[in-house]
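Reviewing the structure listed below.
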Amino acid sequence: MQISSNDETKTLKLESWLAAGNRRSERGWLESSAQPRRLLVVRTRNGDQSAVKDYALQLSRRLDCEVVLLTLVDAEPHGDEPTASDPPARRAPSCPSNFTRSYDGEAKPLIECHAEQDEVASAVERLCREIRRIEFILTDSDVVKDILSETAVIPVFRMVADTAHPEGGCNMSSNTATIRKKPVGKTIIFGALTAALYAAVFWKSDLLMKFFARGGLYAALPIATAIIFSFAHGAFASNLWSLLGIHARTKVEAHKSISPGAPSPKVKPKRPRAYAYVNPFHNIELKRK
Amino acid sequence: MQDLQQAIQFIDLNLVTVIFLFVIGFIGGLVSGFIGSGGAFVLTPGMMSLGVPGTVAVASNMCHKFPKAMVGAYKRFKYGQVDIKLGLFMAASAVLGVQAGIRIQEMILETWGQAGSNLYVSLSFVVVLVVVGGYVFIDACRTRKACGIEAVSSLARKLQSINLPPMIYFKRADVRISLWFTVPVGFATGLLAATIAVGGFIGVPGMIYVIGVSGFIASATELVIAFVMGLGGSINWAMHGMVDIRLTLIILAGSLMGVQLGAIGTTYVKEHMIKTVMGVIMLVVAVSRALAIPEYLEQLGLISLSPAIIGAMKTLSFIVMCLALAIGAAIILSAMFRARREASAFDQSAVEPAAASS
């Protein structure tokens with residue numbers, strides 16, 4: 001490959017950089033023209049996890065393209081050391097050399113990798129850069145779609161599975177409202193539980209109050225009662241609102257205020273630091289070694 | 001103590017009382033779920049108007065507050081709005097503020113008696129709510145005119161740029177600020193909570209304008225503070241045997257419905273709506289408390305008014321307080337359902353051309 005440039009110094013630097021062994025960009029460019037098209041599936045832990053993956057694999061057969069599967073895992077707690085039981089993203093950083101390549105002509109994902117939920121944008125950006133020819137992104141989450149719509153330069157589609165299809169199997173849809181299940185059973189169960197708890201308290205309220213108002217260690221009784229009721233009645237209320245069709249709208253941008261000029265901790269440049277050494281030639285010594 | 005416990009056991013709970021407490025609990029929960037605080041200031045006088053002793057009303061209100069805040073915080077955590085770390089830091093400083101507030105109250109009570117204490121509470125209400133509520137309301141109007149685009153306050157930007165160790169990064173809020181600037185906000189929240197029982201009126205604006213957190217995160221994180229403080233207060237009151245669990249559970253029945261609806265509402269509205277609702281409620285409550293001040297001035301012998309006028313002003317004060325809550329709830333519900341209608345209309349308009357083309 002010829003690298004043409006009027007600036008001789010710049011050409012030399014590029015040549016030396018490639019000669020140094022990092023020929024990835026050049027090879028990647030050459031390979032990409034011969035590679036098939038790909039679609040990226042970003043999968044969360046919401047709902048039926050296999051539905052979107054299966055749909056993507058079927059789609060990849062029809063479109064004659066490959067699937068790259070990115071599974072989002074919970075954020076890594078700070079300060080913890082990664083363990084063997086952790087998901088791959090925690091044991092090893094997402095890196096093309098660590099991706100599992102399993103494509104052998106059958107409908108399987110070409111690459112499977114993991115990323116933390118908070119880093120979905122950077123993970124997708126890196127995958128698009130490293131793997132190449134990703135034509136579009138398919139996800140099962142509204143939140144992920146919102147994030148990627150802001151950052152990704154390729155189209156993002158959200159698909160959800162209707163697992164409660166009366167004829168078996170499931171339909172895929174981009175409209176959540178049409179396939180959202182009504183939690184009738186849960187509402188009835190938690191409603192009955194709540195009613196039973198209220199009936200139990202008010203049936204023998206005089207007797208109950210004798211113990212609840214004693215103070216001291218009996219303080220645990222009203223506190224525990226309030227917590228138990230909040231679990232039962234809280235679950236009932238949540239399901240009741242869902243049953244009535246009142247759902248939350250998940251939209252990430254709505255919760256972030258625009259802060260022009262506000263210093264961002266992640267991009268804050270580090271101040272250059274001055275170091276004093278006892279031996280002013282220490283660097284020369286190290287280089288010789 | 002024995003008399004009080006007798007009073008707890010023999011409060012008559014008829015259908016009207018139950019419905020009144022349920023409705024107030026629902027509206028209070030709705031407001032709390034939306035702006036992170038509120039509701040408590042109506043519940044205590046509301047219960048007292050039903051004949052519940054003051055301490056029992058405060059204790060029962062407190063005992064319903066922490067499960068409500070817990071459910072609200074959990075719900076809003078699911079929507080990605082809660083910064084638990086910020087909430088815990090704020091709650092720790094708020095505990096110190098509560099202790100300081102109690103000391104100040106005791107000091108005033110010893111010096112000027114009950115009327116002096118009531119006057120101090122009412123004056124604190126009026127001054128804090130007019131100043132902070134007025135600023136919040138003006139800022140909400142300003143943001144609305146700017147098409148809902150929120151900007152971090154210049155004070156918060158300045159404080160964030162000061163590198164005073166220990167610097168703490170709050171991930172969800174995406175704010176890096178010195179611990180020493182979060183402590184006064186938490187302390188003031190606790191101080192106000194011990195004085196007027198609604199710390200969120202200073203906690204939420206404090207987080208927005210001093211720390212630089214967005215309105216959604218501030219109001220959701222306030223629920224974490226309310227949970228920690230409410231749990232501590234409830235244990236304290238329960239150890240003295242002051243909690244009437246029946247009152248608590250009736251209010252909780254309404255507030256757990258309301259708090260979830262309020263939390264859902266935050267996902268539909270623009271950020272300045274939090275400020276609008278908070279500003280309006282604070283200003284109307286300030287009017288309510290201002291109407292109660294002449295009674296305490298009369299008790300201290302500073303002015304003289306006829307009992308009829310004082311009685312009328314007291315009633316009017318309570319009505320205006322209920323009105324504050326009702327106005328807040330009306331704004332939340334109307335904004336929420338308007339946004340829902342717009343969202344469904346948008347979805348419909350997106351589906352129709354696609355159906356026509358196919």
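We use all heavy atoms of the structure for the numbers below, so side chains are in, but hydrogens, waters and symmetry mates are not. Lettering follows sequence order; numbering is per chain, from 1. The model shown is predicted, which means the values in this text are computed figures rather than measured ones.
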_Please classify the contact of Leu240(A) with chain B as side chain, backbone, both or neither, using a heavy-atom distance under 4.5 Å._
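Contact with chain B: side chain only.
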So [Y] and [X], do their side chains get closer than 4.5 Å, heavy atoms only?
X         : Y         : value
Ile264(B) : His247(A) : no
Tyr268(B) : Ile246(A) : no
Phe236(A) : Leu256(B) : no

*Separation between OG1 of Thr225(A) and CZ of Arg246(B), rounded to the nearest 0.5 Å*: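 With rounding to 0.5 Å, OG1 (Thr225(A)) is 13.5 Å from CZ (Arg246(B)).
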Check the surroundings of atom [atom1] in [X]: do more than 12 heavy atoms from other residues, nucleotides or ligands lie under 6.0 Å from it?
X         : atom1 : answer
Lys186(A) : NZ    : no
Leu217(A) : CG    : no
Tyr198(A) : OH    : yes
Phe229(A) : CZ    : yes

How far apart are the closest heavy atoms of [X] and [Y], and which atoms are they?
X         : Y         : value
Thr267(B) : Ala248(A) : OG1-CA, 3.5 Å
Cys63(B)  : Ala226(A) : O-CB, 4.1 Å
His233(A) : Ala253(B) : NE2-O, 2.7 Å
Ile245(B) : Met209(A) : CG2-SD, 3.7 Å

*asked:* Tell me which of these, Lys75(B), Met336(B), Met257(B), has more heavy-atom pairs under 4.5 Å with chain A than the rest.
replied: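 The answer is Met257(B).
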*Against chain A, work out which of Leu249(B), Leu252(B), Asn236(B), Ile235(B) has the most heavy-atom pairs shorter than 4.5 Å and name it.*
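Answer, by heavy-atom pair count under 4.5 Å with chain A: Leu249(B).
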_Stepwise side-chain contact (heavy atoms from CB on, under 4.5 Å) test for Phe202(A) and Ile250(B)_ = CA-CA 10 Å; Phe202(A) 285 92; Ile250(B) 293 166; 3.8 Å; yes
*Go through the atoms of Tyr74(B) and report whether side chain, backbone, both or neither lie under 4.5 Å from a heavy atom of chain A.*
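For Tyr74(B), there is no contact with chain A at all, as no heavy atom is under 4.5 Å.
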